[in-house]
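Just the heavy atoms: all of them, side chains too, but no hydrogens, waters or symmetry mates, feed the values below. The first residue of the sequence shown is numbered 1, and numbering continues consecutively from there.
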Amino acid sequence: DALGTKVSVVELTDTLIPECDRDLVRPLQKRIEGRYQSIMLGTEVTGMEAQKSGIKVSFSGEDAPGSERYDRVLVAIGRRANGDRLDLEASGVEVDGRGVIAVDEHQRTSVDGIYAIGDITGEPMLAHRGSYQGVVAAENAAGEDVIYDARAVPSVAYTDPEIAWAGLTEADAKRRQVEYELGKVPWAASGRALAIERPEGLTKVLTEPVTGRILGAGMVGSNAGELIAELVHAIEMGSTAADVALTMHPHPTLSETVRIAAEAAQGIATDSYAPKR
C-alpha cells in the first residue's frame, strides 16, 4: 500500500492475527481498512490459476467473492519444521511426524552430542528464540550445564502500527480459566503519541491477583516491538506491577505507557482513568 499498490488480505479465521488479543489487533485493522483494497476475514483460498491477465484466485466463505484476478500473490500461511527431510534416521536422531526434532532443556536431541535449535525444534518459530537456544546449545556443547528456561518469548508483528506481546494473553487466560487483573492505557493519554500523531496505540499488562506479579503484556503502536522488551524482562524477573510502576520512566516517551498500564493494573493510575481495585 505504501508503494502505491492495491493490496487485498485473505485470512481463514475471523481476525487478522489469530494468536494475538483482538483489542491489540483492532487499531491495525482500523488503520488498514481504509487503505487496502479489501480485507477478507473468515475466507478460504480454494484455488489459484495463472492466466495471461494475472492470477485467478478462487475463494469460499460467507462474504467471499467467487474469484478475483491479481498481479501477484504472497502466500503467508506459516511454516513447518523439515526435520523429516534431512535423512536424520542415519544418525538416530528422533523426528516426529510433523518434522520436529525433540530436544530436552539442554537442547540435546535423542543422540548424545547432537543438539538442535530454532524452527526445527517446534513452536514458537521465532528468530530470537532460535538464537537464545543456540547459546544454550553452544554452552552445553562446551561442557557447561545450562538449560533453556525462558519464561516469556516475545512476539512482534512488524505492521504499521506494530503489535507486540509476551507471556499470558487475555485469550489464553480465559481459555485456561486463569484469573488475572488487567491494566490498560490508550495511547491517546500519551503526550509523545499525540506529538508524533499516532494516538491509536494501546498498552496493557496482565497481573496475578493478590501478588500483582506480571503474567503477560501486550501493546500496539509505533515501536511496540522495541517497548515490549521491558515487560519481557519484568516477566523473567518475576516483577510485580508495583515494581514497574515505581520505576521512573522518562517523559515524554512512549515507554511511559508501560508504567501507566502497570499503575492501572493496581487501580492507581494518575495519567489515565482506571477504576480503583
Could you tell me whether E179 atom CD has more than 12 heavy atoms of other residues or ligands within 6.0 Å of it? no

Rounding to 0.5 Å, atoms CG (L246) and CZ (R259) come to a distance of 10.0 Å

Residues L202, L24; criterion side-chain contact (heavy atoms from CB on, under 4.5 Å); working and verdict: CA-CA 7 Å; L202 170 74; L24 298 179; 3.9 Å; yes

Just do the side-chain contact (heavy atoms from CB on, under 4.5 Å) check on T203 and I260 with the steps written out, would you? CA-CA 9 Å; T203 298; I260 300 170; over 6 Å; no

Linking directly or through intermediates, with side-chain heavy atoms under 4.5 Å: list the remaining ILVMFWY members grouped with V57, chain and number order. V10, M40, V45, M48, I55, F59, Y70, V73, V75, I77

In short, S8 meets S38 closest at the heavy-atom pair OG-OG, 3.0 Å

I'd like to know whether V136 forms a side-chain contact (heavy atoms from CB on, under 4.5 Å) with I147, so could you lay out the CA-CA distance, the side-chain angles of the two residues, the decisive distance to 0.1 Å, and finally the verdict. CA-CA 6 Å; V136 173; I147 65 171; 5.7 Å; no

I'd like to know if the side chain of T121 and the backbone of I117 have a donor-acceptor N/O pair within less than 3.5 Å. no

Just wondering, do M237 and D243 contact through their side chains at under 4.5 Å, heavy atoms? no

Measure from the side-chain N and O atoms of S110 to the backbone N and O of E94, and report whether any donor-acceptor pair falls under 3.5 Å. yes

For residues A241 and T207, report the shortest heavy-atom separation together with the two atoms involved. CB-CG2, 3.8 Å

Taking A116's backbone N and O only, do any of them form a donor-acceptor pair with Q107's side chain (distance below 3.5 Å, no angle check)? yes

Can you confirm whether S190 sits close enough to P252 that some side-chain heavy atom of one is under 4.5 Å from a side-chain heavy atom of the other? no

Assess, by modelled atom type and distance only, whether the side chains of S222 and R198 contain a donor and an acceptor separated by less than 3.5 Å. no

Over all atoms of both residues, closest heavy-atom pair of A189 and V185: CB-CG2, 4.2 Å

Tell me, which pairs form a salt bridge (charged side-chain N to carboxylate O under 4.0 Å, His left out) where one or both residues lie in residues 210-227, sequence neighbours left out? E208-R213

L126, V156: one ILVMFWY side-chain cluster at the under-4.5 Å cut-off? no

4.5 Å side-chain heavy-atom contact, L16 and L41: yes

Report yes or no: does E162 contribute a side-chain atom to a donor-acceptor pair with the main-chain N or O of G225 at less than 3.5 Å? yes

E44 side chain vs S60 backbone, donor-acceptor pair below 3.5 Å: no

Looking only at atom types and distance, does a side-chain atom of H106 sit under 3.5 Å from a main-chain N or O of V146, one as donor and one as acceptor? yes

Give, for atom OG1 of T159 and atom CD of Q29, the distance between the pair rounded to the nearest 0.5 Å. 12.0 Å

Common cluster, Y36/V220, ILVMFWY with side-chain heavy-atom separation under 4.5 Å: yes

Tell me whether V258 is reachable from I235 by hopping between hydrophobic residues (I, L, V, M, F, W, Y) whose side-chain heavy atoms are closer than 4.5 Å. yes

Is the shortest side-chain heavy-atom distance between I228 and M219 below 4.5 Å? yes

Scanning both residues in full, the closest heavy-atom pair of T169 with E19 reads CG2-O, 4.4 Å

Just by distance, no angles: are the side chains of E170 and Y180 close enough, under 3.5 Å, to form a donor-acceptor pair? yes

Regarding T46 and S58, is there a side-chain donor-to-acceptor distance under 3.5 Å anywhere? no

Are any side-chain N or O atoms of S67 and backbone N or O atoms of K56, one a donor and one an acceptor, separated by less than 3.5 Å? no

Indicate yes or no: at least one non-hydrogen side-chain atom of E230 is less than 4.5 angstrom from one of H249. yes

Would one find more than 12 heavy atoms of other residues, nucleotides or ligands at under 6.0 Å from atom NE2 of H233? no

Check step by step if side-chain contact (heavy atoms from CB on, under 4.5 Å) holds for I114 and L88. CA-CA 11 Å; I114 299 181; L88 294 175; over 6 Å; no

Nearest 0.5 Å, please: how far is OG1 in T253 from CG in N223? 11.5 Å

Heavy-atom nearest pair, E123 first then M125, reads OE1-N, 3.3 Å

If every non-hydrogen atom of A166 is compared with every non-hydrogen atom of V232, which pair is closest and at what distance? CB-CG2, 3.7 Å

Could you check whether any side-chain heavy atom of Y115 comes within less than 4.5 Å of a side-chain heavy atom of V103, counting everything from C-beta outward? no

Flag, side chain of R80 to backbone of R98, donor-acceptor distance under 3.5 Å: yes

Sub-3.5 Å donor-acceptor pair from the side chain of H251 to the main-chain atoms of E256, do we have one? no

Quick one: are K204 and D23 in side-chain contact, heavy atoms under 4.5 Å? yes

A side-chain contact here means heavy atoms from C-beta on lying under 4.5 Å apart; do R176 and L168 qualify? yes

When rounded to the nearest 0.5 angstrom, what is the spacing between CG in L231 and CD1 in I214? 5.5 Å

Within residues 127-150 or reaching into it, pairs that qualify as salt bridge (charged side-chain N to carboxylate O under 4.0 Å, His left out) - sequence neighbours excluded: none

How long is the straight-line distance from CD1 of I101 back to CZ of R108, given to the nearest 0.5 Å? 15.5 Å

For the side chain of E200 and the backbone of G221, is there at least one donor-acceptor N/O pair under 3.5 Å apart? no

